[in-house]
Number of protein chains: 2
Amino acid sequence: MAKTGDPAHAATGPALSTLDFALDRGSPVPLYHQLAQQLEAAILLIVLAPGNLLGNEVDLSVRLGLSRPTIRQAIQSLVDKGLLVRRRGVGTQVVHSQVRRPLELSSLYDDLEAAGQGPTTEVVRNETVPAPAEAAAALGLAEGAEVVLLERLRRTHGRPVALLCNYLPSGLLGLDSARLEATGLYRMMRSAGITLHSARQTVGARAATAAEGSRLEEKEGAALLTMQRTAYDDTGRQVEYGTHIYRASRYSFEFQLLVRP
Amino acid sequence: MAKTGDPAHAATGPALSTLDFALDRGSPVPLYHQLAQQLEAAILLIVLAPGNLLGNEVDLSVRLGLSRPTIRQAIQSLVDKGLLVRRRGVGTQVVHSQVRRPLELSSLYDDLEAAGQGPTTEVVRNETVPAPAEAAAALGLAEGAEVVLLERLRRTHGRPVALLCNYLPSGLLGLDSARLEATGLYRMMRSAGITLHSARQTVGARAATAAEGSRLEEKEGAALLTMQRTAYDDTGRQVEYGTHIYRASRYSFEFQLLVRP
DNA sequence: CAGTGGTCTAGACCACATC
DNA sequence: ATGTGGTCTAGACCACTGT
C-alpha cells in the first residue's frame, strides 16, 4: 500500500525510486557488483534510510534494465554484509542499527593491513630452523622439517606492543628483513601470489615471564594477551603459523561474528 | 583430458562420477541445499579426496538433472564454507588441508550452544536497573533507560570459569532465572523469536582484582580474559550487551576468520 | 486476496587457464 | 583451440506475509 509517511516502521526517506544508478555494461566490473556498490554507498551515506525500503525485485529489474537474478545477486551480497534484510512476503529493508560498524573482520586485518604501516616493526630473528613440534603440526609438516622462523617486535609511538613469532614453510617466500619491516608479512605474501583465505585463531591470556616483561616493558606477572594463528591460502594449504603475545594494557582484539542459521 | 591416475596434483579418488546423489524434488529442502549437504558429507568422509576433483558444472547438471545455476548455488555454498575452491579455466577442487576443522564460528557458538548444556550456570543477579552509560551506548538507549541486568557465574566440573554480566533492553524478553540456568540466554532469545545475526566482540586481558579473584577462585593479580560483546538481531537492532571475564587458566577463545578479497 | 522473496530452468556469451 | 568457471537473461512456479 505504501501510504506516504508512516513513521511507525516505514522510514519514508527519498526511497529507492528517486535514486538512479549508473550501470556500465562495458566495464569489466560485473553488473551485480556495480549495483551492489552503489546500493551500499547509498546506504552508508544514509541516502537510503534505515527501516523500510527497497522496492520489490521485479520492479527494480525493469527499472534498471537488469534481470531479476542479477538484481538478487547484488542484493544478496549486501545481505551477506549485514546491510540489508530480506523477509518473504514483506520486502527488503535497510538494516536499522544506529551503530553501523565497519563490519569487516579485523585483527587479521589489523595485521594484514596495518602490518608495517602505522606501527613500526623490528625483525629480531629471521632464519631457517627445524620446525618445533607445535609449528610442524600446525603447518602439516614433519617435526624437524625446515621452516623459516620470524621473530618481530612491534611498536607504536616508540613503545612495544607485541612480540610476534611466525613459522612459514621454507621456500614458500623470500623474506628480506628490510622489506619485511617496511612492508609487512601479509603484504609480502600477497605480492608473492599467495592469496590468504582463512585463519584459525586462539586467543588467551597469561602472566608475563620476566624475560617477556623486559622485552615488552611490562612488569613480570603483568597480564598478556596471547594468540596462536594458523593461516590458510585459497587452496586450503597452511601458509603460516604464528604465536604472538600482546601487552594487554595497550592492545585488544575487536572483531565481528556472523551467525549462520 | 583426465588421464586415469595423475598423482602429481590430481588426487584420483573415487571421483565424483561414481557417487550418486539422492535428490528429492518433493522435499521442502531446496535442491541446491540437498546437493550441497551430500557433497559436504562426501568431502568430510573423504569419499571425495582433497586435491583435484569435481567434474565441470555442465556435466554435473546433466548427470543430476539440475540446471547449472542450481549446481552453482550448491557449489558456491561450499566454497563459502571453505570446502571447495574454484579456479576459472581449471575446475572445482576439494580444498586440500590435512587439518580440516569444524569451520564454524565459535565463542559466540560456545555461548549459543553450550550455554546451559555442558557447563552449569548460576544466576547471581536478575533485575531491572537504569542502564549504565556503557550499556546504554552499546544498546542504543538513553543513559538511565530501563534495562535488565543479568549476572551469571559459569562453572565446569564444579569450578568457576567465567563471570558473565549482560544487559538487555527491558521488555525484550521474559527472563526466568530457573529457565535461564537450564536453557541458556541465547536459546531463550531464540525461543522468543529473536534471531541473532551478528555480534561485535572485543577481547582483552587484565589482572584480577581481589573481589574477582575470590569469585573465580584465582589469586589477585591472576591473568583474566575479558570480553565485551554487542549482539544484533537480523534486523540490525541491538539485543544484548555483555561484559564478561574468564579465567585465562581455564578458558580461551578459538575462532575462524575468513578473508574477503 | 495480492504482493513479496525463494527457488528453478534452459539457454547464451565471455574471460581465463592450459595445452 | 579447448575446456573451465563467471556472468547474464527471461521467463516460471511456489511459499510465505500481510490484508
Side-chain angles (χ1 to χ4, degrees), chain A residues 1-3 6 8-10 16 23-37 39 52-80 84-94 193 195 234-235 261, chain B residues 1-3 6 8-10 16 21 23-37 39 52-80 84-95 193 195 234-235 261:
Chain A
M1 276 291 110
K3 286 179 195 167
D6 182 353
H9 28 39
L16 193 57
L23 298 173
D24 176 8
R25 294 191 108 89
S27 160
V29 178
L31 292 172
Y32 73 87
H33 195 238
Q34 293 182 37
L35 176 55
Q37 284 179 320
L39 272 175
N52 223 350
L53 246 345
L54 271 223
N56 71 59
E57 300 174 349
V58 182
D59 285 358
L60 256 184
S61 71
V62 301
R63 229 170 45 77
L64 300 181
L66 297 174
S67 69
R68 181 151 80 117
T70 303
I71 300 285
R72 279 183 62 78
Q73 195 171 355
I75 291 179
Q76 186 58 47
S77 70
L78 296 185
V79 170
D80 291 341
L84 294 176
V85 192
R86 294 209 260 208
R87 296 173 182 283
R88 202 193 284 225
V90 178
T92 304
Q93 301 179 313
V94 177
T195 35
D234 58 356
T235 74
Chain B
M1 277 293 111
K3 285 178 196 167
D6 182 355
H9 29 37
L16 192 55
F21 296 89
L23 298 173
D24 176 9
R25 294 191 108 89
S27 161
V29 178
L31 291 172
Y32 74 86
H33 195 237
Q34 293 182 38
L35 176 55
Q37 284 179 320
L39 273 174
N52 224 349
L53 247 342
L54 270 223
N56 71 58
E57 300 174 351
V58 182
D59 287 356
L60 256 184
S61 71
V62 301
R63 227 168 50 73
L64 299 181
L66 297 175
S67 68
R68 177 145 88 110
T70 303
I71 301 284
R72 280 181 62 77
Q73 195 171 355
I75 291 178
Q76 186 58 48
S77 70
L78 296 185
V79 170
D80 292 340
L84 294 176
V85 193
R86 295 208 260 207
R87 295 172 182 284
R88 205 195 287 231
V90 178
T92 304
Q93 302 177 314
V94 177
V95 117
T195 36
D234 59 355
T235 73

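Lettering of chains follows the sequences in order, A, B, ..., and the numbering in each one begins at 1.
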Check your understanding: How close or far is atom P of D/dG6 from atom CD of B/Q73, stated in whole angstroms?
Key -> 14 Å
Revision key, fill the gap. B/R88 atom CZ is separated from D/dG5 atom C1', nearest whole Å, by 7 Å
Point to revise | Intra- and interstrand pairs of DNA chain C - dot-bracket, Watson-Crick/G-U under 3.5 Å, | marks other strand | key: .|||||||||||||||||.
Check your understanding: At what distance, to the nearest 0.5 angstrom, does OG1 of A/T92 lie from CG of A/N56?
Key -> 9.0 Å
**Study point:** Protein-nucleotide distance (B/L78, atom CG; D/dG5, atom C1'), rounded to Å
**Key:** 16 Å
Point to revise | 5′-ward residue of the pair A/D59/B/R87 relative to DNA chain C | key: A/D59
Review point. If you look at every strand shown and take non-hydrogen atoms under 4.0 Å, does A/R72 touch a base, only sugar-phosphate, or nothing?
Key: base
Review point. B/R86 has a side chain; which of D/dC8, D/dT17, D/dG5 sits nearest to it?
Key: D/dG5
Check your understanding: Measuring from A/L35:CG to A/Q37:CD, what's the distance to the nearest 0.5 Å?
Key -> 10.0 Å
Check your understanding: Roughly, in whole Å, what's the span from CG in B/L35 to C1' in C/dC8?
Key -> 14 Å
Check your understanding: Checking all strands, does B/P30 fall into the base, sugar-phosphate, or nothing category for heavy-atom contacts under 4.0 angstrom?
Key -> sugar-phosphate
Review point. Of A/G89 and B/V58, whose nearest nucleotide on DNA chain D comes first from the 5' end?
Key: B/V58
What donor-acceptor contacts under 3.5 angstrom involve side-chain atoms of residues 64-74 of chain A, with partners at least two apart or in another chain?
{"from": "A/S67", "atom 1": "OG", "to": "A/T70", "atom 2": "OG1", "distance (Å)": "3.1"}
{"from": "A/R68", "atom 1": "NH1", "to": "A/E57", "atom 2": "OE1", "distance (Å)": "2.6"}
{"from": "A/R72", "atom 1": "NH1", "to": "A/E57", "atom 2": "OE1", "distance (Å)": "3.3"}
{"from": "A/R72", "atom 1": "NH1", "to": "A/E57", "atom 2": "OE2", "distance (Å)": "3.2"}

**Study point:** For atom CD of A/Q93 and atom P of C/dT4, their distance in whole Å
**Key:** 13 Å
Review point. With distance as the sole test, does B/Q93 use its side chain to make a donor-acceptor pair with the main-chain N or O of B/L84 at under 3.5 Å?
Key: no
**Study point:** Euclidean distance, atom CD1 of residue A/I71 to atom P of D/dT7 [Å, nearest integer]
**Key:** 16 Å
Review point. Hey, is the side chain of B/N56 poking within less than 4.0 Å of OP1 or OP2 on D/dT4, counting only N and O atoms?
Key: yes
Exercise for review: Choose from C/dC8, C/dA17, C/dG5 the nucleotide whose nearest atom is closest to any side-chain atom of B/L31.
Suggested key: C/dC8
Practice item. Let me know, please, whether A/R68 or A/Y32 comes out on the 5' side of the other along DNA chain D by nearest nucleotide. Key: A/Y32
Study note, to complete from the structure: Among the nucleotides D/dG5, C/dT9, C/dG6, whichever has the atom closest to the side chain of B/T70 is C/dT9
Review point. Which whole-number value in Å describes the distance from B/Q34 CD to C/dC8 C1'?
Key: 13 Å
Check your understanding: Could you state the CD-C1' distance from A/Q76 to C/dG5, rounded to the nearest angstrom?
Key -> 11 Å
Exercise for review: Heavy atoms only: give me the nearest A/Q34-A/L23 pair and the separation to one decimal.
Suggested key: OE1-CA, 3.4 Å
Check your understanding: Are B/S67 and C/dG11 close enough that a side-chain N or O sits under 4.0 Å from OP1 or OP2?
Key -> no
Review point. Can B/I75 and B/L78 be said to form a side chain to side chain contact (heavy atoms under 4.5 Å, CB included), step by step?
Key: CA-CA 5 Å; B/I75 291 178; B/L78 296 185; 5.8 Å; no
Check your understanding: With sugar-phosphate meaning primed atoms plus P, OP1 and OP2, does A/P69 contact a base, only sugar-phosphate, or nothing at under 4.0 Å between heavy atoms?
Key -> base
